[in-house]
Peer 1: 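The following block contains the structure, expressed as structure tokens.
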Number of protein chains: 2
Amino acid sequence: MDSRRQEHLWKPETVRSTISDVARRAGVSTATVSRVMNRSGRVHPATAERVRSAVQALGYTPHLAARRLMQQRTNAIGLISAEIGGPYYAALLRGIEEVTARERCALLILSISSLNYEDMDMALPLGEHNTDGLLIFTNSLPDDIVTRLHLRGHPMVMLHRTPPSGVAIPHIHVANQSGAYAAVSHLLVAHERRRIVLLRGPDGNEDAFEREQGYHRAHFDCGVEVAPELLVQGDFSEEVAQASITELLRRGVVFDAIFAADDESAYGAVAALRAAGRRLPEDVAIVGFDDVPLSRHLTPALTTVAAPIQAIGRLATELLLDQIQQGTPERLEERKLVLETQLVVRRSCGCTASSSE
Amino acid sequence: MDSRRQEHLWKPETVRSTISDVARRAGVSTATVSRVMNRSGRVHPATAERVRSAVQALGYTPHLAARRLMQQRTNAIGLISAEIGGPYYAALLRGIEEVTARERCALLILSISSLNYEDMDMALPLGEHNTDGLLIFTNSLPDDIVTRLHLRGHPMVMLHRTPPSGVAIPHIHVANQSGAYAAVSHLLVAHERRRIVLLRGPDGNEDAFEREQGYHRAHFDCGVEVAPELLVQGDFSEEVAQASITELLRRGVVFDAIFAADDESAYGAVAALRAAGRRLPEDVAIVGFDDVPLSRHLTPALTTVAAPIQAIGRLATELLLDQIQQGTPERLEERKLVLETQLVVRRSCGCTASSSE
DNA sequence: CCGATAGGTGTAAGCGCTTACATTTTCCAT
DNA sequence: ATGGAAAATGTAAGCGCTTACACCTATCGG
């Protein structure tokens, strides 16, 4: 056994030292060690020094789970989210981290890929036990879990999602309908397109629903009828959108513009169109939604509805931190924030050079 | 007080019920409740049912921190990372989640924006207390913390980073040098470029260092001298790269190609070149590194060294899970994996159409 | 010289949970 | 019936930490 240990460099003997190890080594009680670790209560400088060197020697780190059991604060907030990785996500995160960095609190992210959580009944790995509050940015987290967390008094903010009815959680949205309205109107009025494909977002998604409403309202206000075959699935996904548009092309459906419910699906549309040899924006004008950073670099540069993504992240985090620090504010149930969107005109809609880029 | 409660819909009274609340309500001991919750030990079906309905009624959820104190498993792994949000990151995550989904374990991500952690001495919010193992993908996490975690026997895998010396942690890399060598050789040999700018990665970054070596070795093997003014900072950042190239242009430095240490900096270079009216790839050929999904869509499509990003994520996670399940494998210290890279030739280097796209 | 005061430290009671072990109940072979 | 194995449940000892409280020393004004 001992000879084996020589063979390898440093097979760790898994020595996780506890507070009492430190106490013993420093010749004090655990209480004193704790006081030194937390800078709470008064400790004689000499003693403190002895403790500190014992900590050093033993490589001691407090066990956060145990600590959490006693204290109330974690100094961390959690973000529960699906679809980590997309470009939208990057901007959101930037907004969130802007605040967490300033407020010196850690950000823990739980990625719920639908597969991952749905069927396993294990407890949520992010919650009261390791965060002081939660940012919810997914539809995959069932309403009843949200409700339960809220009932237990865990601070939360929801992004792009309305809380279950009767549950007073602040939530942040963007002006989807007016944004879509502006985009589609632009296509209808400025470019006189009449057969505009809608690349719909996922079913059941609030944003998708509202954007679709904007699409219809714009048509209605212009007195243009919407042909049902123009409404196809985009699912906020490049692949799905590409397939949908390809299929439309194959079936010989005529259209002169596309309104994509998000930029990703716009990319898919561009790929499909290009593969079919259609000219952009002459043959088909295209407008997206979100204005993720890339869209500017696309060729042609994508006209799209800018959502203040980073601001959403910032705001949500600030709202959450407020809740954590000041407890539940008054009239919280009215805290529905809707951030304005803005049409960013670039080339893909058929407009010529603009100031941007 | 009571009248106030009527005013609002449901201001939660913060009732977080514990296991003993459930036990009391079901008329059993906490042990029995625990057994029901964990499906461990035998419990009379009728009792179990009573417990379950008490759980339901109270909206009870076990406190994971307390549970963690007793059990050893969390069923979650952690990913500690900087620069969440980049396109590289998305692919990596896909690889990781592929495995976590399959193995039914949760993924907790800790984003260390340099600001965030550096100066605050608070304990790492991800560690033995809430994960069974850690994926380390950042240079910002100091060596001594890594070492300590390892000494405490916490399973880890490091990505794109060599563990501190003497510490036997498996680590995964890509063949940076040979990849860079292939890319630069292609520029030198196939396209006869002679003044190739190097957009260097961040100082101290291992990948950056090795790619730079590949750049030099390719020049050496071709008998081409490297002009020092061609080595400029790219920092794996679009902005920095754009600034560097713009500056080069301003100073009138002559060059006919660029090797960017990663795709992001290649984008910056493209922007700078285009703003200056240079033609791509005729005036300046450009090659990147990583092959993030976007690079194919760039105009001109970016020639780049493909790193098997998703595979890295998958492999790393599998390695970690192995460690967790089987304990420290034999001869672990030799676990250095290097995944091959491959030059993907598209348009930006000056080659004409290829099979891809 | 004494009680008051304050700094420094230890004691021990939990936080919410799991689990080895003890105890009681059930039920079947005899 | 009845002894005893098997099933069901309870008891209580922690996991590693924090913190109210008690205790002990100096220190100091009166």
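Chain letters run A, B, ... following the sequence lines, proteins first, then strands; residues in each count from 1.
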Peer 1: Which residue, S29(B) or L69(B), contacts DNA chain D at a nucleotide closer to its 5' end, judged by nearest heavy atom?
Peer 2: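 The residue mapped nearer the 5' terminus is S29(B).
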Peer 1: Please name all residues satisfying side chain to side chain donor-acceptor pair (under 3.5 Å) with T162(A), sequence neighbours left out, ordered by chain then number.
Peer 2: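 Once residues adjacent in sequence are excluded, the partners of T162(A) under the side chain to side chain donor-acceptor pair (under 3.5 Å) criterion are E206(A).
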Peer 1: Mind checking side chain to side chain contact (heavy atoms under 4.5 Å, CB included) for E98(B) and listing every partner two or more places apart, or none if nothing turns up?
Peer 2: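 In terms of side chain to side chain contact (heavy atoms under 4.5 Å, CB included), with neighbours along the sequence ignored, E98(B) is linked to Q310(B), R314(B).
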Peer 1: Run the side chain to side chain donor-acceptor pair (under 3.5 Å) test against T30(A) and tell me which residues pass, sequence neighbours left out.
Peer 2: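 Testing T30(A) for side chain to side chain donor-acceptor pair (under 3.5 Å), a comparison that skips the adjacent residues, returns none.
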Peer 1: For the helix from dC1(C)-dG30(D) to dT30(C)-dA1(D), what angle separates the axis at the start from the axis at the finish, each from five pairs, in steps of 10°?
Peer 2: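 What I find for the helix from dC1(C)-dG30(D) to dT30(C)-dA1(D) is an axis angle of 50°.
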Peer 1: I'd like to check the side chain to side chain donor-acceptor pair (under 3.5 Å) partners of T18(A); sequence neighbours left out, ordered by chain and number.
Peer 2: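 Testing T18(A) for side chain to side chain donor-acceptor pair (under 3.5 Å), a comparison that skips the adjacent residues, returns S20(A).
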Peer 1: Applying side chain to side chain contact (heavy atoms under 4.5 Å, CB included), can you list everything that pairs with S53(B), at least two apart in sequence or on another chain?
Peer 2: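 With sequence neighbours excluded, S53(B) shows a side chain to side chain contact (heavy atoms under 4.5 Å, CB included) to no residue whatsoever.
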Peer 1: Using ring-ring contact (aromatic ring centres under 6.0 Å, His included) as the criterion, list what pairs up with H173(B), not counting sequence neighbours.
Peer 2: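 Listed in chain order: H171(B).
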Peer 1: Output all residues satisfying side chain to side chain contact (heavy atoms under 4.5 Å, CB included) with E49(A), sequence neighbours left out; order by chain, then residue number.
Peer 2: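 With sequence neighbours excluded, E49(A) shows a side chain to side chain contact (heavy atoms under 4.5 Å, CB included) to R52(A), given in chain and number order.
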Peer 1: Find every protein N or O atom lying less than 3.5 Å from an N or O atom of nucleotides 17-20 of chain C, and list the pairs.
Peer 2:
from, atom 1, to, atom 2, distance (Å)
dC17(C), OP1, Y60(B), OH, 2.6
dC17(C), OP1, H63(B), N, 2.9
dC17(C), OP2, I19(B), N, 2.3
dT18(C), OP1, N38(B), OD1, 3.4
dT18(C), OP1, N38(B), ND2, 3.2
dT18(C), OP1, R67(B), NE, 2.9
dT18(C), OP1, R67(B), NH2, 3.4
dT18(C), OP2, S34(B), OG, 2.8

Peer 1: Any salt bridge between E318(B) and R102(B), counting N to O under 4.0 Å?
Peer 2: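 A salt bridge is present here (some side-chain N lies under 4.0 Å from a carboxylate O).
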Peer 1: Is there any salt bridge (charged side-chain N to carboxylate O under 4.0 Å, His left out) pair reaching into residues 18-34 of chain A, and which pairs are they, with sequence neighbours excluded?
Peer 2: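 Residue pairs with at least one partner in residues 18-34 of chain A: D21(A)-R24(A).
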Peer 1: Can you list, by residue number, the residues of residues 44-54 of chain A that have a non-hydrogen atom closer than 4.0 angstrom to DNA chain C?
Peer 2: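 Listed by number, they are H44(A), T47(A).
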Peer 1: What residues, two or more places apart in sequence or in another chain, satisfy side chain to side chain donor-acceptor pair (under 3.5 Å) together with S40(A)?
Peer 2: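 Partners of S40(A) under the side chain to side chain donor-acceptor pair (under 3.5 Å) test: none.
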